[in-house]
Every structure is written in C-alpha cells, then in structure tokens.
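Here is the structure we will look at, set down as structure tokens.
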Amino acid sequence: MSRASEDSNRRMLRARDEMDRSYAEPLDVPALARVAHVSEAHFIRTFRATFGETPHRYLQRRRVERAMFLLRSTDRTVTDICMAVGFSSLGTFSRVFADVVGEPPSVYRRRGPLAPVPSCFGMRWLRPSEKARPSERSAVPEKPGDPARS
C-alpha cells in the first residue's frame, strides 16, 4: 500500500470516527470533509471507494443502528428516539428505518426486549448491513416462544 493510500485511509477513518462519535449531531458533507482535510467532492468519492457507501448512507445506518437498540431496550417513544439519534423528521426516520431494517420502527419494537448476550455479539448480530437484503436482516432468531415469530 502506498503512503498516499495510507494517508487517504486515515483521513476517511477520521471522518467515519467523527460520524460514529457524533451521529446524533447535525453532520453534513462540508463539515466531514473539513475533518478529513479534503474537498467535499473528493471526500464523497473517496469515502464511497473506501467503505462501499456514501457518507450520508453510512450516517443514516449508524443512526438506525442506535435507534434499533433504543427501541428494544427503552420505553422511549419512537418520536423521542427519532430525535435522539439525529433525525429531524419522524417521516424520514420511519422511511429510512424501514429501508435499512426491512420493517417499520413500531413493528421492530414489538419483537420485545433484546436477549441477554454480550454486547459485542449483539452489536454484530443486529448491525444493519447494506449487503444483506431487508428480508435476510429481519430473519434474526429470537427467543423461543416469541409471539412475533409465531
């Protein structure tokens, strides 16, 4: 790997780390490009080449991932969770959530509380992926006797 490639990867990782840390904050491409010390157009192209998706889509998936956890581990309203993870519109949140997870937030919540497993397993198991189709992601095994599976 060349020095230029390593430098580019570090810049993209710096921006992705910022998205992971500040996912609930209003982040936009100009701000993220500044974190990576590159132009906006170069940032979008390089981020997509490095991680396989646009910065906007990555940030949406990161927010949905956090919402998935909150929906099944708290009693907060869907609207409250929507705002807490960085969406400013319940309609947009519901559409993006359904697109990423394969079902609306209210249906996902009905699955009940998360099974008690180490968090590293739970995060890996439940992490939404662009590579899996929604029907494959929603086929996560649940607790035996779960009414959502009947």
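All values below come from the heavy atoms of this structure, side chains included, with hydrogens, waters and symmetry mates left out. Numbering of residues begins at 1 and proceeds along the displayed sequence.
Looking at E103 and R111, a side-chain N of the basic residue comes within less than 4.0 Å of a carboxylate O on the acidic one, giving a salt bridge. Using a cut-off of 4.0 Å between Lys/Arg side-chain N and Asp/Glu carboxylate O, R3 and E6 are scored as not salt-bridged. Checked for salt-bridge contact, D99 and R57 meet the test: a charged N lies under 4.0 Å from a carboxylate O.
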message: Test side chain to side chain contact (heavy atoms under 4.5 Å, CB included) on L70 and R76; report intermediate values, then the result.
response: CA-CA 8 Å; L70 293 173; R76 294 167 73 176; 4.2 Å; yes
message: Checking F93 against V78 for the side chain to side chain contact (heavy atoms under 4.5 Å, CB included) test, could you report, in this order, the C-alpha distance in whole Å, the side-chain angles of both residues, the deciding distance, and whether it holds?
response: CA-CA 9 Å; F93 169 69; V78 173; 3.8 Å; yes
task: Starting from the C-alpha separation in whole Å, work towards a yes-or-no answer on salt bridge (charged side-chain N to carboxylate O under 4.0 Å, His left out) for D7 and R11.
output: CA-CA 6 Å; D7 184 53; R11 290 171 188 263; 2.9 Å; yes
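Counting only heavy atoms from C-beta outward, the side chains of L71 and F97 approach each other to under 4.5 Å. Using a 4.5 Å heavy-atom cutoff, the side chains of L27 and S22 are in contact. In this structure, V101 and M68 have side chains that are in contact, with non-hydrogen atoms separated by less than 4.5 Å. Contact of the F47 side chain with the Y58 side chain is registered, since non-hydrogen atoms from C-beta on lie closer than 4.5 Å. In this structure the side chain of F43 never reaches within 4.5 angstrom of the side chain of V35, judged on heavy atoms. Side-chain contact between T46 and V38 is absent, with no heavy atoms from C-beta onward closer than 4.5 Å.
Between L90 atom CG and I81 atom CD1 the span is 11.0 Å, to the nearest 0.5 Å. With rounding to the nearest 0.5 angstrom, the OG1 atom of T79 is 6.5 Å from the CE atom of M83. Summarising the geometry, atom OG1 belonging to T54 is positioned 9.5 Å from atom CG belonging to L59; distances are rounded to the nearest 0.5 Å.
The minimum heavy-atom distance linking R109 with T74 is given by the pair NH2-O, 3.3 Å. Nearest heavy atom pair, residue A84 against residue A24, reads O-CB, 3.2 Å. The minimum heavy-atom distance between V85 and R63, with the atom names listed, is O-CG, 2.9 Å. Of all non-hydrogen atoms in R61 and E53, the two that sit nearest each other are NH2-OE2, 2.7 Å.
When the side chains of ILVMFWY residues are joined at heavy-atom separations under 4.5 Å, either directly or via intervening members, L13 and I44 end up in a single hydrophobic cluster.
Cation-pi check for R66 over Y23 is not met; the charged atom does not lie both under 6.0 angstrom from the ring centroid and within 45 degrees of its normal.
Listed for the S73 side chain is a donor-acceptor partner under 3.5 Å among the backbone atoms of F69.
Test M12, R16, M19, E40 against P55 for side-chain contact (heavy atoms from CB on, under 4.5 Å) and you get one pass: M19.
Residues meeting the side-chain contact (heavy atoms from CB on, under 4.5 Å) test with A31, sequence neighbours left out: D28, R34.
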